[in-house]
Amino acid sequence: MEGNVTTPTPPVTHGHDVGTRSRRAQVVAVEDGAELGSAVHEYAHGVVDRELPRGVPLPPDWALQMPQDWRDVLRLAVPRALADAGVTPDQVVGVATDFTACTVLPATWDGTPLCELPEYERRPHAYPKLWRHHAAQPEADLIVEHAQRTGQPWLARYGGKISSEWQYAKALQVLREDPDVYDAADRWIEAADWIVWQLTGAESRNPCTAGYKGVRQDGRYPDEAFLAGLHPGFAGFTAKLEHPLTPLGAPAGRLTARAAELTGLREGTVVAAGNVDAHVTSAAAQALDPGRMLAIMGTSTCHILNSDVLAEVPGMCGVVRDGVVPGLWGYEAGQSGVGDILAWAVRSAVPEEYAVEARRRGIGVHELLTERAAAQPVGGHGLLALDWHSGNRSVLVDHHLSGLILGLTLDTRPEDVYRALVEATAFGTRTIVDAFEAAGVPVTDFTAAGGLLKNRFLMQVYSDVLNRPVHVLASAQGPALGAAIHAAVAAGAHPDIRTASAAMGRRQENAYTPDPARAAAYDRLYAEYRLLHDHFGRGGNDVMHRLRALRSAALSSSPKL
C-alpha cells in the first residue's frame, strides 16, 4: 500500500584521514561523492620531538607520536562527523582510513604498542616513529651502501636510494640503539595497518605501505642474507612484517563490537584495506590515469603518478605495481618541506611591525606576506633559495641537507624571502617532473591538492614555473574523500577504484594557467636553481653535511638540564 512505502536511506561511507597533527573524519555519499559532514580532532600530544610525555629528552631529528591520540579520533571525531552529516550508523556501508607514511610502530602479537607497556614507557624506541623522524639516516646510508655492494635489483625501483623515513632504516636504528625494544617487538607495523587492526580485531597489511615504505617488490622483501649483512641480529626482521596483503579497495574485515562501541558505527560494517594519505588522494582528484601527476601539498608535498611504463627514475621514492590502483605502476616522489618552510619564514623572519599591520587589517601574517610578494616581478627580490629545510626527499634523497637563501642584502625584506621560498618549492617540484620525463615516464598533466591550495599566489607560481596548467582537487578533504571512495569499493557500492573515482571524485580543470612572460623569466631562474641544487646536493660541496655533523656533536655533548 502507498502509505506503507518507505524511502530507502542513501548509503554513505566514512573516510578517516590521519594526519601529522590531527585527524579528519568525512561522511560521503557513495552515489556522487557529495561530502555530507566532517569533523576534525587535534591530537593531544601532536608531534613528540623534544621529550617523551614523562620527560625523557629526545635527540635531534626525532619525531614520535602517541597511539592514544589516534584512538581518541575514532572515539570523538567519528560520531561528530555522523552528527554533522545528519546520517545514522545504519547508512554507513563502509569505512576506510589513510595515514601519513612511513609512520611505523613496534607492537606485540595482539597489536599492543610497546610504548603502552609500563616497562617500555620511558624507552623512546618503543614509540611510533612519525614519517618525519629522520634520525635513521646513518641506517639508511648503510642499507644503500650494502645494496649497491651486493647488487640488489630492488634498489633501482627506489631511485637508487632508501629513505631514513622508511621501515627498514627505522627498524635497524631500533636494533642498533635499543636491542631490547627490537627483540620485544613481535610486529613492526605501519600505523595505516595498525588502525585497521584496531577496527577489525585482525591484523592486515596493504600493498601501498608494503611496497613504498617496506621495499617489497615482486612479491617479496629483502632476503635474510642481505639483512644479516647489515647486522647479524637483523637477519630475521622480515618476520615482523610478513603477512598476506589485502588489495587496495578490498575489505580487510568488519567492525568489531568493541570498535563499534568506540566509534558509534554499526558492528559488522565493512572496513577497507589501509592506505597512505597521498596515494589515496589520487582517487579523490580523479588522477588515476597514466600520466596524471598529483601533488598533495601541505607541510610536505607528495607526488603520485600512475603509468603503464616501468622505468628507473633516479631519486624517486619508489615504483610499485598496483601501489595506487590495480593494473598500473604507481610512482611516488616528494618534497620533505613545503608548507613547513613557509611557516618557518613567518615564525622566524618577520618583524613585529608586520604582525602589527596584519592585526590592524584583520588578516594573517601569511596573507600579508603573500600580498606583498605577489606585487613583485619575477626575479625582483634578487634571491634564490634551496627548499631543503627538512632535507631533500626527491631527487637527492638526503635528509642531512639543509636550506639555503642566496642573494641577501641589507635591502632584503621579509616578503622577498617568503617569495623566494615559495619559488624554491616550485623549482623542487619542477625538478621532480623533469626527472620523470627524462627517464621516459610522461607527465601529461598536473593536479594539486592539499592545504596550500588556499594560497592562490603560490598556485599561480607553480603554474608559471612548470609552464603548464594546474588542475586542482575540488575538495578541502582530499585524503578523507579518497578513503571514502576506497570504502565504497570495499563495500561493493562500486565495482573498482577507477569507477568509484569517476563517480565520487572531484577535479577542477585548468584552475591556473601559466603566463608566458613569467614562465620565460622563471626558466632563467630555474637554470640557476639547478646549478645551486647540483653544487650542494650532488657532492660539489659537502658543507651542509659538515654543519649537520657539527650541530649533532654540539647538541649531544652539551649538558642536559
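Only this structure's heavy atoms are used, side chains among them; waters, hydrogens and symmetry mates stay out.
Comment: Arg359 engages Glu352 in a salt bridge, judged by a side-chain N to carboxylate O separation of less than 4.0 angstrom. A salt bridge links Arg548 to Asp61: one of the charged nitrogens lies within less than 4.0 Å of a carboxylate oxygen. Between Glu42 and Arg23 there is no salt bridge, since no side-chain N of the basic residue sits under 4.0 Å from a carboxylate O of the acidic one. Salt bridge Arg372/Glu367: absent, no basic N to carboxylate O contact under 4.0 Å. Under the 4.0 Å criterion applied to side-chain N and carboxylate O atoms, Arg347 and Asp340 are not assigned as salt-bridge partners. Electrostatic pairing of Asp289 and Arg498 counts as a salt bridge here, judged by a charged N lying under 4.0 Å from a carboxylate O. Here Glu423 pairs with Arg419 in a salt bridge; the nearest charged N to carboxylate O distance falls below 4.0 Å.
Interatomic distance, CG of Asp445 versus CD of Glu509, reported as 7.0 Å (0.5 Å rounding). Thr13 OG1 to Leu481 CG: the interatomic distance, rounded to the nearest 0.5 Å, is 8.5 Å. Between Leu105 atom CG and Lys170 atom NZ the span is 10.5 Å, to the nearest 0.5 Å. One distance of note links CG of Leu294 with CG of Asn306; it measures 9.5 Å at 0.5 Å rounding. Of the inter-residue distances, the one linking Thr425 atom OG1 with Met297 atom CE reads 6.0 Å to the nearest 0.5 angstrom. Taken to the nearest 0.5 Å, the CG atom of Asp69 stands 6.5 Å off from the NE2 atom of His41.
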Inset, instruction - Could you walk me through whether Asp277 and Ile296 pass side-chain contact (heavy atoms from CB on, under 4.5 Å), step by step? - result: CA-CA 9 Å; Asp277 52 358; Ile296 303 91; over 6 Å; no
Inset, instruction - Please step through salt bridge (Lys or Arg N to Asp or Glu O under 4.0 Å) for the pair Arg361 and Glu371, ending with a clear verdict. - result: CA-CA 12 Å; Arg361 295 176 55 190; Glu371 177 185 290; 2.8 Å; yes
Legend entry - Derivation and outcome, side-chain hydrogen bond (donor to acceptor under 3.5 Å, both in side chains), residues Arg292 and Thr444: CA-CA 6 Å; Arg292 288 191 166 187; Thr444 57; 5.9 Å; no
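Judged by distance alone, the side chain of Thr103 and the main-chain N or O of Thr100 form a donor-acceptor pair under 3.5 Å. Listed for the Glu437 side chain is a donor-acceptor partner under 3.5 Å among the backbone atoms of Val443. A donor-acceptor pair is defined here as one N or O able to donate and one able to accept, closer than 3.5 Å; such a pair exists between the side chain of Arg506 and the backbone of Gly33. Without hydrogens or angle criteria, Asn467 side chain to Ala519 main chain gives no donor-acceptor distance under 3.5 Å. The backbone N or O of Arg538 lies less than 3.5 Å from no partner atom in the side chain of Asp534, so there is not a single donor-acceptor pair. With hydrogens and angles ignored, the 3.5 Å screen pairs a side-chain donor or acceptor of Tyr331 with a backbone N or O of Ala311. The backbone N or O of Gly505 sits less than 3.5 Å from a side-chain atom of Gln286, completing a donor-acceptor pair. Put simply, the side chain of His381 never gets that close to the backbone of Tyr418: no donor and acceptor are under 3.5 Å apart. Using modelled atom types, one side-chain atom of Asp84 and one backbone atom of Ser38 make a donor-acceptor pair closer than 3.5 Å. The backbone N or O of Asn510 lies less than 3.5 Å from a partner atom in the side chain of His471, making a donor-acceptor pair.
In this model, no donor atom of one side chain and acceptor atom of the other lie less than 3.5 Å apart for Tyr522 and Arg518. Ser390 and Arg132 share no side-chain donor-acceptor pair at under 3.5 Å. Between Gln65 and His45, the side chains place no donor N or O within less than 3.5 Å of an acceptor N or O (distance only, hydrogens not considered). With hydrogens and angles left out, the side-chain atoms of Asp398 and His545 include a donor and acceptor closer than 3.5 Å. Tyr512 and Arg456 share a side-chain donor-acceptor pair at under 3.5 Å. A donor-acceptor contact closer than 3.5 angstrom is absent between the side chains of Glu415 and Gln376. Thr370 and Asn455 form a side-chain donor-acceptor contact under 3.5 Å, judged by distance and modelled atom types alone. With no hydrogens or angles considered, a side-chain donor-acceptor pair links Gln167 and Glu190 at under 3.5 Å. At a cut-off of 3.5 Å, with distance as the only test, no side-chain donor of Gln335 or Ser394 sits close to an acceptor on the other residue. Of the N and O atoms on the side chains of Thr431 and Asp434, not one donor lies less than 3.5 Å from an acceptor on the other residue. Side-chain contact check for Arg430 and Tyr462: no donor-acceptor pair (N or O, by modelled atom type) lies under 3.5 Å.
In this structure, Trp131 has its ring center no closer than 6.0 Å to that of Phe99. With ring centers used as reference points, Trp166 lies under 6.0 Å from Tyr158. A centroid separation of 6.0 Å or more is found between the aromatic rings of His303 and Phe436. Taking the six-membered ring for Trp and the full ring otherwise, His533 and His535 have centroids separated by 6.0 Å or more.
Put simply, the side chain of Ile304 does not reach to within 4.5 Å of the side chain of Met293, judged on heavy atoms. A heavy-atom distance below 4.5 Å is not found between the side chains of Cys208 and Val324.
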